[in-house]
Amino acid sequence: MYTLLLAIIYLAFISLGLPDSLLGSGWPVMQQELAVPISYAGIVTMIISAGTVCSSLLSDRLTKRLGAHTVTAASVLMTAAALFGFSTANAFWMLCLWAIPYGLGAGAVDAALNNYVALHYTSRHMSWLHCFWGVGTIASPYIMSRALATTGWQSGYRAVSAIQLVIGLVLLFSRPLWKGRRQDAKEERQGKPLGLANALRIRGVPQLLLGFFGYCAAESTVMLWASSYLVRTRQSTETRAAAFASLFFIGITAGRFLSGLIADKWGDRLLIRTGTGIIAAGVLCLLLPIPGEGAALTALLLLGLGCAPIYPSIIHSTPASFGAENSQAIIGIQMASAYVGSTLMPPVFGLIANHISIGLMPVYIGALFLLMIIMTEWSSRAAAARA
């Protein structure tokens, strides 16, 4: 029973990653077909992220009322419907409309699953589960690349929607497995919701939120603009760029598998610091004045490897740092902070790309990663002092 439930949670993490890399992979073509400026991708991500912020902030209440299983299954099915809606869009406003249910579904499942795993599984499992998120993000650019080479970007969205639907139905019919862990269900529904104001009063939480903001802003900027960066600065074709952008996600996935092997021995803090060092190498590689695709592709792989342990390690350390009784609320707010970064910062870079140069992407993401490491170190020390 335990093993089967863990396998289903792995499947749910694939569903989290599947949609995340679709827009960035397909946007160089979608932008031309819909006849909108390149920066309009930022508008779509802003709407998606606004929905995730709302549902993440409500995740504590939803999970305590409905349970992690119901929230997860309903959210995945909602994103499947939204992705099918994307595939029917023949005007930009339709993308914006379908971005609303997509965002609402993504935020709820993200917060509920991450807290469930942080409470009930080891750091090793957290890394490997997020590795399966990477499997989803790797698959999507290849699906989109194939679609662009044959029928068009719409079929790429339609294919991912079908996969999401199957995963959502598996989750829906797995209820007996979740109910079997009665103690888990009882614990997740105990107590009153903490609330945003009370969470922010906990020492170290505001700094943690800023650090998570910086990390997810940088990660989402790379996810959204990597293909366009390769096309505009490294002379890649649209089809090659869509496929090459998956190197970032390959790095994340491989890195999370490897970090899972050492996570319990190294601990969350050391994994975050190691990842930051690898990210610095990736940013430096992008800044080097080397023409062609080679250096940029190496940099994308390094950035993915460096990002790999950071997200799962920050999430997994939350119950230990701030108390298991507060973790659902704080992780929900972490998700909201992450999506605020995803909402605001990629569109800001879109404006920079439009009015200055898309070649500034390495400087931009470097500054965001610097914010992340400063704030997470500050939060870690504040939490230790609080204990």
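Residues S39 and N354 have side chains that bring a donor and an acceptor to within less than 3.5 angstrom of each other. Looking only at atom types and distance, the side chain of S87 has no donor-acceptor partner in the side chain of Q154 under 3.5 Å away. Using modelled atom types and a 3.5 Å distance limit, the side chains of T70 and R175 yield a donor-acceptor pair. Between T318 and Q334, the side chains place a donor N or O and an acceptor N or O closer than 3.5 Å (distance only, hydrogens not considered). Looking at H316 and N114, their side chains never bring a donor and an acceptor atom within 3.5 Å of each other.
A heavy-atom distance below 4.5 Å is not found between the side chains of L83 and W98. The shortest side-chain heavy-atom distance between R256 and L129 does not fall under the 4.5 Å cut-off. In this structure, the side chains of E377 and R269 come closer than 4.5 Å at one or more pairs of heavy atoms. Counting only heavy atoms from C-beta outward, the side chains of Y311 and C216 approach each other to under 4.5 Å. Between E219 and I252 there is a side-chain heavy-atom pair separated by less than 4.5 Å. The side-chain heavy atoms of L303 and L286, taken from C-beta on, include a pair separated by under 4.5 Å. A heavy-atom distance below 4.5 Å is not found between the side chains of W128 and T122. In this structure the side chain of M94 never reaches within 4.5 angstrom of the side chain of F86, judged on heavy atoms.
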Residues L5, S174; criterion side chain to side chain contact (heavy atoms under 4.5 Å, CB included); working and verdict: CA-CA 8 Å; L5 178 58; S174 69; 5.7 Å; no
Side chain to side chain contact (heavy atoms under 4.5 Å, CB included) between L23 and L224, worked out: CA-CA 7 Å; L23 184 61; L224 181 60; 4.2 Å; yes
Candidate pair M144 and W153, rule side chain to side chain contact (heavy atoms under 4.5 Å, CB included), full reasoning: CA-CA 6 Å; M144 182 58 76; W153 61 268; 3.8 Å; yes
Full working for side chain to side chain contact (heavy atoms under 4.5 Å, CB included) between F248 and C307: CA-CA 9 Å; F248 177 68; C307 285; 4.1 Å; yes
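For an aromatic pair to be called close, the ring centres must be under 6.0 Å apart, and F132 with F13 fails this. Centroid-to-centroid, the aromatic rings of Y157 and F84 stay 6.0 Å apart or farther.
Both L300 and L360 belong to a common hydrophobic cluster when Ile, Leu, Val, Met, Phe, Trp and Tyr are linked at side-chain heavy-atom distances under 4.5 angstrom. Residues L171 and L165 do not share a hydrophobic cluster, clusters being chains of Ile/Leu/Val/Met/Phe/Trp/Tyr side chains in contact below 4.5 Å. There is a path of hydrophobic side-chain contacts, each under 4.5 Å, that joins L22 to I43. Follow the hydrophobic side-chain contacts under 4.5 Å out from M46 and you never reach I100; the two are in separate clusters. Hydrophobic clustering, with ILVMFWY side chains joined whenever heavy atoms are under 4.5 angstrom apart, groups V160 together with L11.
With hydrogens and angles ignored, the 3.5 Å screen pairs no side-chain donor or acceptor of S56 with any backbone N or O of V53. Counting only distance, with no hydrogens or angles, the side chain of S155 and the backbone of T151 share no donor-acceptor pair below 3.5 Å. Of the possible donor and acceptor atoms, none in the side chain of Q207 sits under 3.5 Å from a partner among the backbone N and O of W378. Although no hydrogens or angles enter the test, the distance criterion places no donor-acceptor pair under 3.5 Å between the side chain of H130 and the main chain of P309. Using a distance-only test at 3.5 Å, with no hydrogens or angles considered, a donor-acceptor pair links the side chain of S55 to the main chain of G51. Between the S15 side chain and the I167 main chain, no donor and acceptor come within less than 3.5 Å of each other. Using a distance-only test at 3.5 Å, with no hydrogens or angles considered, no donor-acceptor pair links the side chain of S228 to the main chain of W225. Looking only at distances, no side-chain donor or acceptor of W266 sits under 3.5 Å from a matching main-chain atom of L271. Listed for the T376 side chain is a donor-acceptor partner under 3.5 Å among the backbone atoms of M372. Proximity of a side-chain donor or acceptor of S379 to a complementary backbone N or O of M375 within less than 3.5 Å is not detected.
Using the six-membered ring where Trp is involved, F349 and Y364 have ring planes that are tilted, between 30° and 60° apart. Under the 30°/60° scheme for interplanar angles, the aromatic rings of Y215 and F369 are found to be tilted.
Between atom CZ of residue R273 and atom CG of residue D268 there is a gap of 11.5 Å, rounded to the nearest 0.5 Å. Note that CG of L351 is 11.5 Å distant from CD1 of I38, once rounded to the nearest 0.5 Å. With rounding to the nearest 0.5 Å, the separation of CD1 in I314 from CD1 in I331 is 11.5 Å. In this structure, OG1 on T72 lies 11.5 Å from CG on L172, to the nearest 0.5 angstrom. Distance check: D264 CG to M126 CE gives 12.0 Å after rounding to the nearest 0.5 Å. Annotation: the span from I272 atom CD1 to S313 atom OG amounts to 5.0 Å, rounded to 0.5 Å.
Closest approach of A80 and S161 over heavy atoms only: O-OG, 2.7 Å. Shown here for T52 and G103, the closest heavy-atom pair between the two residues is CG2-O, 2.9 Å. In plain terms, the two heavy atoms of A139 and L18 that are nearest each other are CB-CD2, 4.3 Å. The minimum heavy-atom distance linking G105 with S75 is given by the pair O-CB, 3.1 Å. Counting all heavy atoms, side chain and backbone alike, I143 lies closest to A159 at CG2-CB, 4.0 Å. Closest approach of A263 and S127 over heavy atoms only: CB-OG, 4.2 Å.
When the salt bridge (Lys or Arg N to Asp or Glu O under 4.0 Å) test is applied to R146, no partner is found at least two apart in sequence or on another chain.
Within a 6.0 Å radius of CZ in R158, more than 12 heavy atoms belonging to other residues, nucleotides or ligands are found. Summarising the local packing, CZ of F92 is surrounded by more than 12 heavy atoms from other residues, nucleotides or ligands at distances under 6.0 Å.
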